[in-house]
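What you see is a predicted model; the values in this text were computed from it and never measured. In what follows, every heavy atom counts, from backbone to side chain, and hydrogens, waters and symmetry copies are set aside. Order of listing sets the numbers, starting from 1, for every ligand and every atom in it.
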Amino acid sequence: MQLEFHGAARNVTGSCHYLEHNGTRILIDCGMYQGKRELEEENRNDFGFDPVSIDFLLLTHAHLDHCGRIPLLVKHGFKGKIITTAATRELARLVMLDSARIQEEEAKYRAYKKNKRNKTDLSFQPLYTTVDALRSLDFFVDIADFEVAVPLAPGITATFYDAGHILGSASILVEHTHNGSTKRILFSGDLGYNERAIIPDPATPPDCDIVVMESTYGDRLHKSLEPSIDELYQAINSTIARNGNVLIPSFALERSQEILYYLREGVEQRLLPGDLEVFLDSPMAISATEIFRRHPECFDEETWEVLDKGNDPFEIPGLNFSRETADSMALKQMRGVVIIAGSGMCTAGRIRHHLRHNLWRKEAAVVFVGYAGTGTLARTIIDGAETVNIFREEIDVNASLYTIGGFSAHADQRELVTWHKKTGKPGRTFLVHGEEKSQETLGSLLEDTEVEIPTLHQSYSV
Ligand SMILES: [Zn+2]
Ligand SMILES: [Zn+2]
């Protein structure tokens, strides 16, 4: 069997792993590179395989760094099946369409800026279009359930296990049986951890011979969740008390719903003001919240208890959805409110407008509740910049800053090591989806296994 790494190799984004056995070609994820410009340029490079030849794409979850290059794959002739959970299919639809819109807008903007009419210049062509994203949807097939094997080809099956990372997320076991012996390769996907809101804990992974695992936080331990929720409430209460706005840059998927869930709990338990005004200023996060509401089968017991009482887990009395641009712009006049907007790393989206209007105000606060990659605006602010450049304007950073680590959607070092121990002593472990330092640290902690840290396009016989 041939195992190749065509993304998220010694970095976090662009997940794309390739498996070939007896002429059956399988991809696990086809994600987009995100972050620094050089990294994003990688999206325009060759996949490292022929998209036409791929039979199956097994999709672990709907984050852009896992599904973002699917429309590109389809544009280049992919005609296989994309197998995933129903919740992931719905969320991926949203993510791919949003990404296509951004690609189209960016291409238009670049062409306009350079005042070029030269349509043959490829750098002004969108990576893919809305049409490509829509076409991708034709190839999706839902799995029946977690932990039910899906036959792919004679002797080859794939089984999805709940990864507890975001709604519908999975680890995927690929098994192939040949001459009576079975080889089992487990792809962790992105891993969550126990006790998070809304979604269940990650399932116990199956025993395997080879594991390909994420290592985002291989060198870090998270703060625990309870103090993080307290810190969120404290940040909101003190900022609202001085009539400042609380900006929460947030990923549209999962994190926004998680924050809404905790804000509802805070209001219910009177830990936050009953008249708290919250604006979810992201059409994508609003749509994602609707998708969450359609997939209660992915909820954990606590969230089911909320539903059983007839309550909506994401509903707060003072919650407003700002879908239209005009609604978003009107927030400029607001004081003493909570604004949740994308993007999580502040690289694009409405949050940049809110930062421009609030970052220089002493009474405001910015609460970072997610991962901030190197080179992103969020990272620059977190790292203590005194001024930042937003829309070609120097903005002073005077607002209070909070970095609340406990809301991560990823397992931390201890949880990754524990998860690995449950995979039944695999002979080989390939670390992906992490920066090198994190991978090396995690690798040194894994016992009874040969650890590999593949480079981009590296190929192994397994
Ligand atoms: Zn993810
Ligand atoms: Zn990821």
Side-chain angles (χ1 to χ4, degrees), residues 5-17 27-35 39-40 42-43 57-70 84-85 87-92 94-96 98-99 160-172 187-193 196-203 212-218 220 222 250-258 284-285 288 291-292 298 342-345 347 369-374 376 378 405 407-412 415-416 419 430-436 438-439 442 454 456:
F5 297 89
H6 298 296
R10 302 199 183 203
N11 80 74
V12 174
T13 61
S15 275
C16 186
H17 317 308
L27 282 188
I28 292 83
D29 294 341
C30 194
M32 188 171 278
Y33 288 97
Q34 296 169 273
L39 202 55
E40 291 192 352
E42 187 63 51
N43 291 314
L57 165 56
L58 311 176
L59 181 58
T60 61
H61 67 291
H63 274 149
L64 188 66
D65 63 315
H66 296 260
C67 72
R69 279 191 290 164
I70 291 177
T84 192
T85 63
T88 297
R89 172 178 48 78
E90 277 211 68
L91 290 172
L94 191 65
V95 170
M96 295 188 304
D98 183 66
S99 169
F160 287 57
Y161 293 81
D162 198 330
H165 170 63
I166 65 165
L167 196 84
S169 66
S171 299
I172 303 174
F187 295 85
S188 71
D190 289 1
L191 292 167
Y193 54 93
R196 288 182 52 217
I198 310 169
I199 53 170
D201 298 344
V212 178
M213 82 180 281
E214 70 123 319
S215 49
T216 321
Y217 289 120
R220 251 174 292 176
H222 295 322
S250 179
F251 301 101
L253 302 194
E254 201 71 28
R255 189 52 40 79
S256 294
Q257 291 74 35
E258 222 173 331
M284 194 171 162
I291 294 172
F292 270 61
C298 297
S343 70
M345 300 197 208
T347 47
V369 290
Y371 178 79
T374 20
T376 62
F407 293 118
S408 170
H410 287 274
D412 69 2
E415 289 145 353
L416 287 170
W419 184 87
F430 294 89
L431 295 181
V432 294
H433 201 291
E435 280 163 20
E436 273 186 79
S438 167
Q439 300 190 305
L442 179 66
L456 187 60

Worked verdict on Asp412 versus His222 for side-chain hydrogen bond (donor to acceptor under 3.5 Å, both in side chains): CA-CA 6 Å; Asp412 69 2; His222 295 322; 4.9 Å; no

Do [X] and [Y] pair up side chain to side chain, a donor and an acceptor below 3.5 Å, judged on atom types alone?
{"X": "His165", "Y": "His63", "value": "yes"}
{"X": "Ser256", "Y": "Ser250", "value": "yes"}
{"X": "Asp65", "Y": "Ser15", "value": "no"}

Ring pair (Phe, Tyr, Trp, His ring centres under 6.0 Å) partners for Phe187, two or more places apart: none

Number of protein N/O/S atoms that sit closer than 2.8 Å to the Zn ion (ligand 2): 4

Full working for ring pair (Phe, Tyr, Trp, His ring centres under 6.0 Å) between Tyr371 and His410: CA-CA 9 Å; Tyr371 178 79; His410 287 274; 7.2 Å; no

